[in-house]
J.: 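If you scroll down you'll find the structure; I have some questions about it.
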Amino acid sequence: MSASKGHHDMRVQWMLFLGVAVFIAILAIVYWFVSYEYAGTTMLALASGLSATFGGFLFIQDHRNPDSTDGPVAAASHHAEGEDPDHYLPTTSWWPLVIGIGMVLGLNGLILSWPYAVPGMAVLMFGIGGFVSDSRRRA
């Protein structure tokens, strides 16, 4: 893959997400004036905001270093060679899965009853503790 193609791919991504955000925002406005329904309008507005968040993040990543034509692939290879000691990425971890399971169990416990919520919250706290201790150790 050429460097200019990688840069073009990133541009397409942020433009796509921001375009979807604008489209959904227009849908939310039209939906509000047609139905005057709060829940659907709120969900459409939140979906627009979510898409705008991703689009904005990708826009910032694309314009972070405008002089560089390396693209994200070359930047990853530079990091793999150890050329950027200031940039830190955590190692792979199973703790987010444990946190997710704890959240699902805990939230189901709020619906069903407290005997389901207590083990869920325990798993959630265990997962958060493991994730924090794991992220403090830099390899």
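If you're wondering where the values come from, they're calculated on a predicted model, not measured in any experiment.
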J.: Which atom names give the shortest non-hydrogen contact between Met103 and Leu124, and what distance separates them?
T.: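 So the minimum-distance heavy-atom pair works out to CG-CD1, 3.5 Å.
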
J.: If you look at every heavy atom in Ser48 and Ala21, which pair is closest and at what distance?
T.: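 Smallest interatomic distance, heavy atoms only, reads OG-O, 2.8 Å.
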
J.: Same hydrophobic cluster for Phe23 and Ile29, using side-chain heavy-atom links shorter than 4.5 Å among ILVMFWY?
T.: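 The answer is no; the residues belong to distinct hydrophobic clusters.
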
J.: Using side-chain contact (heavy atoms from CB on, under 4.5 Å) as the criterion, point out the one residue from Thr42, Thr41, Leu27 that pairs with Trp32.
T.: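 For Trp32, the side-chain contact (heavy atoms from CB on, under 4.5 Å) test succeeds with only one of Thr42, Thr41, Leu27, which is Thr41.
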
J.: Kindly work out whether a path of hydrophobic side-chain contacts (I/L/V/M/F/W/Y, heavy atoms less than 4.5 Å apart) joins Ile26 to Val20.
T.: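 No, Ile26 does not connect to Val20 through the hydrophobic network.
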
J.: Same hydrophobic cluster for Val34 and Met43, using side-chain heavy-atom links shorter than 4.5 Å among ILVMFWY?
T.: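 Looking at the clustering, Met43 is in a separate group from Val34.
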
J.: Looking only at heavy atoms, what is the nearest atom pair of Ala45 and Ala28, with distance?
T.: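 The pair with the smallest heavy-atom distance is N-CB, 4.1 Å.
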
J.: For the hydrophobic clusters of this structure (ILVMFWY residues joined by side-chain heavy atoms under 4.5 Å, transitively), does one cluster hold both Tyr31 and Phe33?
T.: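 Per the 4.5 Å side-chain linkage, Tyr31 and Phe33 are not co-clustered.
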
J.: Under a 4.5 Å side-chain heavy-atom rule over Ile, Leu, Val, Met, Phe, Trp and Tyr, are Leu97 and Leu107 clustered together?
T.: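 No, Leu97 does not connect to Leu107 through the hydrophobic network.
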
J.: Please report the closest heavy-atom contact between Leu58 and Gln13, naming both atoms and the distance.
T.: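 What the structure gives for the nearest pair is CD1-CB, 3.8 Å.
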
J.: Applying side chain to side chain contact (heavy atoms under 4.5 Å, CB included) to Phe59 and Met15, what does each step give before you reach the verdict?
T.: CA-CA 8 Å; Phe59 177 80; Met15 288 179 70; over 6 Å; no

J.: Among Leu50, Leu46, Leu44, find the one that has a side-chain contact (heavy atoms from CB on, under 4.5 Å) with Ile24.
T.: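 Only one option passes, and that is Leu44.
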
J.: Return yes if some donor-acceptor pair links the side-chain N/O of Ser51 with the main-chain N/O of Phe17 below 3.5 Å, else return no.
T.: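 Flag set: sc Ser51 to bb Phe17 pair under 3.5 Å.
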
J.: For the CD1 atom of Ile99 and the CZ atom of Phe131, what is their distance to the nearest 0.5 Å?
T.: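 Reported to 0.5 Å precision, the distance equals 6.0 Å.
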
J.: Angle between ring planes, Phe126 versus Trp95, binned at 30° and 60°: parallel, tilted or perpendicular?
T.: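 Answer is perpendicular, since the angle exceeds 60°.
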
J.: Which pair of heavy atoms, one from Gly120 and one from Leu105, lies closest together, and at what distance?
T.: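 Of all heavy-atom pairs spanning Gly120 and Leu105, the closest is CA-CB, 3.5 Å.
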
J.: So which atom in Pro119 and which in Pro115 form the shortest heavy-atom distance, rounded to 0.1 Å?
T.: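 Heavy atoms only, the tightest pair is CD-O, 3.0 Å.
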
